Structures are given as structure tokens and as C-alpha cells.
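Heads up, the thing below is written out as C-alpha cells.
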Amino acid sequence: MRTRDLTGDSTQVVRVPTMERPRVNQSTKMSVSDLAVWYGEKQALHGVSLDVYENEVTALIGPSGCGKSTFLRCLNRMNDLVPGVRIEGAVVFEDQNIYASEVDVVELRSHIGMVFQKPNPFPKSIYENIAYAPKILGQVRKRTDMDDLVERSLKRAGLWEEVKDRLDAPGLSLSGGQQQRLCIARAIAVSPSVLLMDEPCSALDPVATATVEQLIDELKENYTIVIVTHNLQQAARVAGYTAFFHLGNIVEFSDTDSLFTHPREKKTEDYITGRYG
Amino acid sequence: MSQGISLQPSRQLRRRYRAERRFKAYCVGALLLSIAFLVLFFSDMVRQGHSAFIQTEIQAEVTYNEDTVKFTNESVDESIAPLVSRAFFRSIPRRVDADPSLMGTTETLWLTATADVDQYRKKYSDRLEPEMQSTLERLESEGKVSYGFNKGLFTSGDSKIPSNAGLWSAFVGTFYVMLVVLAVSFPIGVATAIYLEEFAPDNRFTQGVEININNLAAVPSILFGLLGLAIFINFFGVPRSSALAGGLTLSLMTLPVIIISTRAALRAVPQNIRQGAQAVGASRWQAIRDHVLPLSLPGILTGTIIGVAQAMGETAPLLLIGMIAYIPDAPTSMTEAATVLPAQIFTWAGMPERAYVSLTAAGILVLLSLLITLNATAVILRNRFERRW
């Protein structure tokens with residue numbers, strides 16, 4: 001495993017807290033411990049801990065307002081952008097706590113990509129949507145290399161065949177599902193190691209959803225994926241591990257099969273059987 | 001038993017309809033009233049001003065020789081000379097200097113008539129000496145009098161001779177002043193707006209700044225004139241009456257307009273564009289520069305154009321820094337005494353001669369068409385580049 005340096009200087013080793021794990025046959029990619037988040041006076045997360053396993057899809061489910069999106073957005077520090085937010089606890093990624101003072105968030109976000117609920121392509125061409133981040137990060141300098149990267153990213157996102165003849169068309173001219181796949185291609189163009197997805201299919205029709213789900217399945221070969229979803233079937237279909245959030249706490253976290261078939265907690269069972277939520 | 005439901009309007013419903021019609025009539029009435037005033041104003045301006053765009057010209061033979069260069073009135077036939085504008089006679093030595101081969105020759109030219117003759121022919125006044133009246137009639141019967149386009153209105157500066165007065169120096173002054181306004185208020189305004197909207201923390205201090213900027217837009221413009229006088233002229237020693245002083249003073253007025261419209265344009269860019277950029281590893285400034293600014297540019301430009309147009313029509317603050325002055329020659333630098341279009345109109349409006357009434361109206365028409373052009377540009381820009389989400 002290649003160690004990524006988020007600070008620019010020598011790697012700091014942070015103690016990884018030991019915690020209860022549902023099944024220890026995977027290496028841990030990100031380890032969250034005692035994460036608590038306040039928005040002003042209101043506490044959104046009450047000290048949750050969770051391990052994210054490498055090359056697996058981890059789904060976060062739970063009723064609206066349970067804190068699952070907040071949790072997701074703490075993993076690449078997007079919550080820092082919210083005014084009046086306070087975050088406590090540790091998120092360890094590549095042996096470094098991403099909330100440590102020497103971690104640079106801009107550097108961090110180039111290693112942990114994100115796909116949003118509503119497709120948000122840049123109001124530029126399809127090509128520029130992909131090429132933007134590698135260019136500003138200085139990863140690719142030559143035009144021909146960039147062409148290759150754009151093609152590779154679009155192919156990986158399953159969009160290449162549909163757009164290869166109109167790379168100069170505006171990203172916003174694509175359909176909703178295509179826009180979302182463009183956003184995924186954009187996120188993977190900088191080769192992050194973790195991909196965060198915040199209800200990526202909630203604005204898409206069933207056909208586009210199926211395409212994106214299939215894509216997620218393929219992407220886990222190369223990436224570690226954390227996905228927030230309201231769609232329980234989707235969690236069952238794509239995720240290897242599932243965490244059930246309720247009122248800012250993780251009620252249950254285990255591999256998806258056991259969570260859906262033999263939930264340990266009554267609340268989980270109520271939620272997945274639709275009796276509540 | 002089925003209940004009898006009547007679908008006819010009840011008396012109460014009819015009363016509600018009447019109230020609605022009444023209210024609509026008030027609104028239409030208010031609209032018609034404002035349109036009527038606007039039409040009245042424009043038609044009056046056009047009626048008063050259109051005649052200033054044309055000017056009476058008289059065809060005459062002009063002789064250039066040693067004597068007429070000294071006593072320029074003698075260059076034209078004795079009987080016609082009183083009808084010709086003094087401005088022409090003054091130009092004779094210059095013409096001969098420019099082209100010495102004219103010396104000793106005679107040429108037939110269309111000469112600008114005096115304002116008195118012009119006003120008499122346009123029937124604004126009947127005060128013309130009987131002798132001149134008969135000469136004019138004779139010339140008219142010979143076909144030697146006609147109307148020509150008043151080029152001087154656009155090519156010459158202000159003059160005490162009404163037939164020679166024009167807007168050129170005011171044009172140049174306006175151009176310089178607007179250049180200063182743009183150079184000062186655009187970068188400062190946009191940078192301020194970006195900081196307040198994108199970077200500033202939401203605390204007492206920035207809230208105070210925000211309230212003050214909004215209030216600044218409502219401060220009477222004469223106060224900005226006083227500020228300009230005290231700060232720029234008295235403290236920094238910027239030359240009085242200069243385009244630089246005027247531009248700096250008007251920048252103070254334009255700044256809040258630009259800041260407010262830029263902030264509105266930035267706020268209109270959806271938050272998820274910023275987040276999308278930052279999520280792929282763009283810094284805050286990169287997200288703004290590469291995605292937010294290009295999207296909000298049409299809005300920023302629209303606000304800037306409207307702010308500049310507002311400054312262009314402003315007169316009160318310029319009163320205090322000496323820009324309402326008689327400026328016959330166009331300024332050639334930022335620090336020379338200058339005047340601007342609305343100030344020129346103000347000056348002309350105060351002149352006693354009848355001819356200046358037309359000139360004032362013509363000046364207003366020119367200023368209005370300039371402002372309409374600017375505002376139309378702003379509207380076109382907005383419609384052309386507006387992005388819908």
C-alpha cells in the first residue's frame with residue numbers, strides 16, 4: 001500500500017484506535033473514531049466510529065436527518081465549508097488524522113473524491129470537466145496525456161461511447177444520468193483512493209440508476225467507495241458493508257448480507273422492514 | 001335529497017370581482033399616467049431640441065486677401081456679413097495659415113448664419129433688424145439660404161457664440177471621467193464583493209460593513225461632492241475641475257452599485273458549483289476564478305454598466321468640485337479642467353440667449369440616447385449570457 005502524504009512533509013504516524021469490527025478480513029482504508037459534529041448548537045453526530053474497508057463499497061443508510069450525509073462529508077472535510085460547524089474526533093486516512101492541524105484540506109480532497117446528490121458538472125465542456133482538476137493539480141501537463149486521461153476516465157465511467165464525438169459540448173447539455181456519470185469521471189480523473197457518493201442516484205430515473213449502480217460495482221476494483229443512499233435495495237445491491245444511522249449514532253454496522261437478513265438491533269429491523277423511517 | 005348548489009356567482013362573489021376590477025383599474029391608471037409623463041417629456045425634448053441639430057447656412061463668396069485677413073468682416077459682401085456667424089470670421093486667419101494658397105483667391109462657401117438669423121428662420125423669434133430681414137428674403141429668393149446638419153454640435157466645444165457651441169469638450173470630459181470611474185470602481189468594487197461574498201466570515205464586523213455599503217448607495221450625491229472636495233482636492237491636491245477629481249468623486253458613488261450587483265451575481269451561482277470544484281481539489285480561489293467568476297461575469301458587467309451610466313448622468317457632486325464650468329477646448333489630459341455632458345446641459349440651461357434653449361434640449365437628447373445605449377447593452381449582455389439552472 002502506497003503511503004500518501006497529506007502534509008507535504010514527513011508522514012506522521014497517528015495511533016489507530018482499536019475498535020469493534022464486524023469482520024476482520026479486509027484492510028482498513030479509513031478509520032473514524034468518536035466523530036462528533038455540531039451545527040451551531042445542534043449536535044448532528046454523537047461520537048460515531050466506523051472502519052471503511054479497502055476496495056469495498058460501504059453504504060450508509062438511515063432516515064432523513066440521521067447524520068449519514070454529515071458523516072460522509074466529514075470524510076473529505078467538506079463540512080468545513082459550512083459556517084458555524086464544530087467537529088471533534090478523528091478520521092484516520094493513510095496513517096494521518098485528516099483533522100490534524102498540519103493536514104491541508106485541498107491536498108486531502110484530491111485523494112478523497114466526491115460525487116454529489118444533484119449532478120453538478122462545471123458549466124464548461126465535457127472535456128474541460130474532466131481535465132480541470134488534473135490540470136490545476138499539475139498531474140498532467142501534455143495535451144496528448146490529457147486526451148488519454150479524459151478518454152480513460154470517461155471509459156471507466158461508462159460514458160465514453162456516448163460522448164466521444166462531442167467532447168466540446170457543454171457538460172450541462174447531457175441528460176441527468178449522463179451528467180452524474182460525468183461527475184464520477186471527473187472525480188476519478190485525479191486518481192483518488194476513496195470515492196464518496198452522497199445519494200448519487202436520487203435525482204436519476206431507474207434506467208440511469210441501474211447504469212450508475214453497475215458502474216459503482218466496477219469501480220470498487222480500484223477504489224474504496226462510501227455511498228449514502230435512501231434506497232435500501234440499492235444498498236443491498238451495491239454495498240459489501242452497510243451502516244445504519246439513527247439520530248446521529250450508528251445503530252448497527254456489519255456486512256450487508258447479515259444486516260439485511262439478520263439484523264442484531266430491533267431498530268435496524270424496523271427500518272429495513274419499513275415499519276419505521 | 002340533493003342540496004341545491006348554485007354555480008351562479010353569489011352576491012358576495014360579485015362584490016369581490018368588482019373590487020378586483022377596481023384594483024386593476026388603479027394599477028393600469030398609474031401605469032398610463034407614468035407613460036403619459038414620459039411621452040410628454042420626450043416629445044417636448046424632441047420638439048425643443050430637434051432644431052438644434054440643423055442650422056441655417058448662407059451661400060456667399062469669400063475673398064481672401066491682405067485686408068480681409070485683418071478686417072475679416074470684409075471678406076464677405078457688406079450686406080451679407082451681418083448675417084454670418086462671428087465664428088466664421090474668426091476662423092479666416094486660421095484657414096489662410098493652414099492653406100496659404102488661398103491668399104488672393106475667392107471661393108463660394110456655405111456659411112453658418114448667426115443665431116439671430118437662425119432663430120428667426122426657425123420662427124422662434126421675430127427680433128431681426130428690418131434691413132437684415134430684407135437681405136434674408138433676397139437671399140432666400142436666390143436660393144442661397146438653406147438648412148444644413150449642425151456638425152458643430154458634435155465637433156466643437158462650448159462657445160459664447162450660440163451658433164458655434166457644441167458638445168465636443170463635454171464628450172471628451174465625460175470619456176475621461178468614465179475612464180477614471182471604471183479604472184477605480186470596477187477592480188475595487190469587484191474585489192470587495194468577492195471578499196464579502198466568498199471569503200469573509202459572518203461576524204459583526206462584516207455585517208456592519210455590509211449595512212454601510214447598502215446605505216452608501218442611498219446617500220445624497222451632493223455629499224459625495226463634498227467628500228470629493230475635502231479628500232481628493234483639498235487633502236490629496238488633485239487639480240480642481242479636472243477629470244481625475246470628477247472621476248474619483250463619481251467612483252465613490254459607483255462603488256456601492258458595483259459591489260451590490262456583483263454580490264448578487266456571485267450569490268446567484270449555485271453552491272454546488274463551488275463544492276464540486278473544491279471536492280476535486282481546487283482551492284477556494286481556484287473555484288472562484290475558474291467557475292464562479294465566469295458564470296457571474298454577465299451580472300457583474302451589467303451592474304457595472306448601470307453604475308457607470310448612473311455616474312454619467314450625475315451633476316450634483318460635480319458642482320462642488322468645479323466641473324460645471326465654461327470649457328471651450330476639449331481637455332487633453334486627466335488633470336486639465338474638464339466638463340461633462342450633464343454639466344454642459346446645466347450650463348446651457350442657464351444661458352440667456354434663445355438659441356441655448358434648443359441646444360439644451362439637444363444636449364439632453366444626446367445624453368439620453370447615450371444612456372439608453374448603455375443600458376440596452378447591459379440588458380442584451382444579461383439576456384445573451386444568462387444561464388438558467
Side-chain angles (χ1 to χ4, degrees), chain A residues 6 40 72-73 75-84 104-124 128-139 153 170-172 179-180 182-192 194-198 203, chain B residues 190 193-211 262-302 381-389:
Chain A
L6 304 178
L72 186 81
R73 295 163 70 87
L75 298 183
N76 70 341
R77 292 187 60 177
M78 282 305 270
N79 269 341
D80 291 17
L81 302 175
V82 179
D104 186 84
V105 307
V106 173
E107 184 66 38
L108 171 77
R109 288 182 194 138
S110 66
H111 299 291
I112 303 181
M114 187 162 199
V115 176
F116 295 82
Q117 181 172 0
K118 201 179 152 221
N120 61 345
F122 300 136
K124 298 181 188 295
E128 281 173 279
N129 259 284
I130 311 286
Y132 176 70
K135 196 161 65 195
I136 59 164
L137 297 175
Q139 293 177 341
S153 306
L172 287 162
Q179 287 190 14
Q180 195 61 299
L182 179 63
C183 292
I184 294 173
R186 177 178 77 185
I188 59 184
V190 293
S191 355
V194 179
L195 207 51
L196 309 177
M197 298 182 160
D198 191 356
Chain B
V190 172
I194 291 177
Y195 175 73
L196 285 176
E197 195 59 36
E198 304 283 344
F199 292 105
D202 189 24
N203 57 24
R204 283 271 163 86
F205 175 72
T206 50
Q207 281 166 11
V209 169
E210 200 177 327
I211 290 170
T262 303
R263 292 192 65 181
L266 291 173
R267 218 171 300 146
V269 176
Q271 201 61 31
N272 64 17
I273 294 291
R274 294 179 184 82
Q275 293 189 351
Q278 293 188 33
V280 293
S283 68
R284 226 166 177 172
W285 166 236
Q286 281 171 327
I288 293 166
R289 186 193 59 196
D290 299 336
H291 302 291
V292 178
L293 274 185
L295 280 177
S296 51
L297 203 59
I300 294 174
L301 289 183
T302 308
L381 258 179
R382 190 167 49 205
N383 291 346
R384 168 86 59 92
F385 295 107
E386 195 176 41
R387 208 174 269 278
R388 284 166 196 85
W389 301 95

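We use all heavy atoms of the structure for the numbers below, so side chains are in, but hydrogens, waters and symmetry mates are not. Proteins get letters first, then strands, A, B, ... in listed order; numbering begins at 1 in each. Just so we're clear, the structure is a prediction, and the values are computed from it rather than from any experiment.
Smallest separation of non-hydrogen atoms from B/Gly281 and A/Leu137: O-CD2, 3.5 Å. Minimum heavy-atom separation, A/Val190 to B/Val280: CG1-O, 4.3 Å. Heavy-atom minimum distance, B/Pro294 versus A/Lys124: CG-NZ, 4.5 Å. Residues A/Met114 and B/Ala279 share a closest heavy-atom pair of CB-CB, 3.9 Å.
Atom CD in B/Gln278 sits 5.5 Å away from atom CZ in A/Arg109 (nearest 0.5 Å). Distance check, rounded to the nearest 0.5 Å: CG of A/Leu81 to CZ of B/Arg274 gives 10.5 Å.
Put simply, the side chain of A/Asn120 gets close to the backbone of B/Asn272: a donor and an acceptor are under 3.5 Å apart.
Listed by chain and number, the residues in a side-chain contact (heavy atoms from CB on, under 4.5 Å) with B/Ala282 are A/Tyr132, A/Ile136, B/Ala277, B/Gln286 (sequence neighbours excluded).
Ranked by heavy-atom pairs under 4.5 Å with chain A, the first of B/Arg284, B/Gln275, B/His291 is B/His291. Annotation: maximal heavy-atom pairing with chain B below 4.5 Å, among A/Gln117, A/Arg77, A/Arg73, occurs at A/Arg73.
Put simply, the side chain of B/Leu295 reaches to within 4.5 Å of the side chain of A/Pro123, judged on heavy atoms.
Proximity to chain B (any heavy atom under 4.5 Å) is restricted, for A/Ile112, to the backbone atoms N, CA, C and O.
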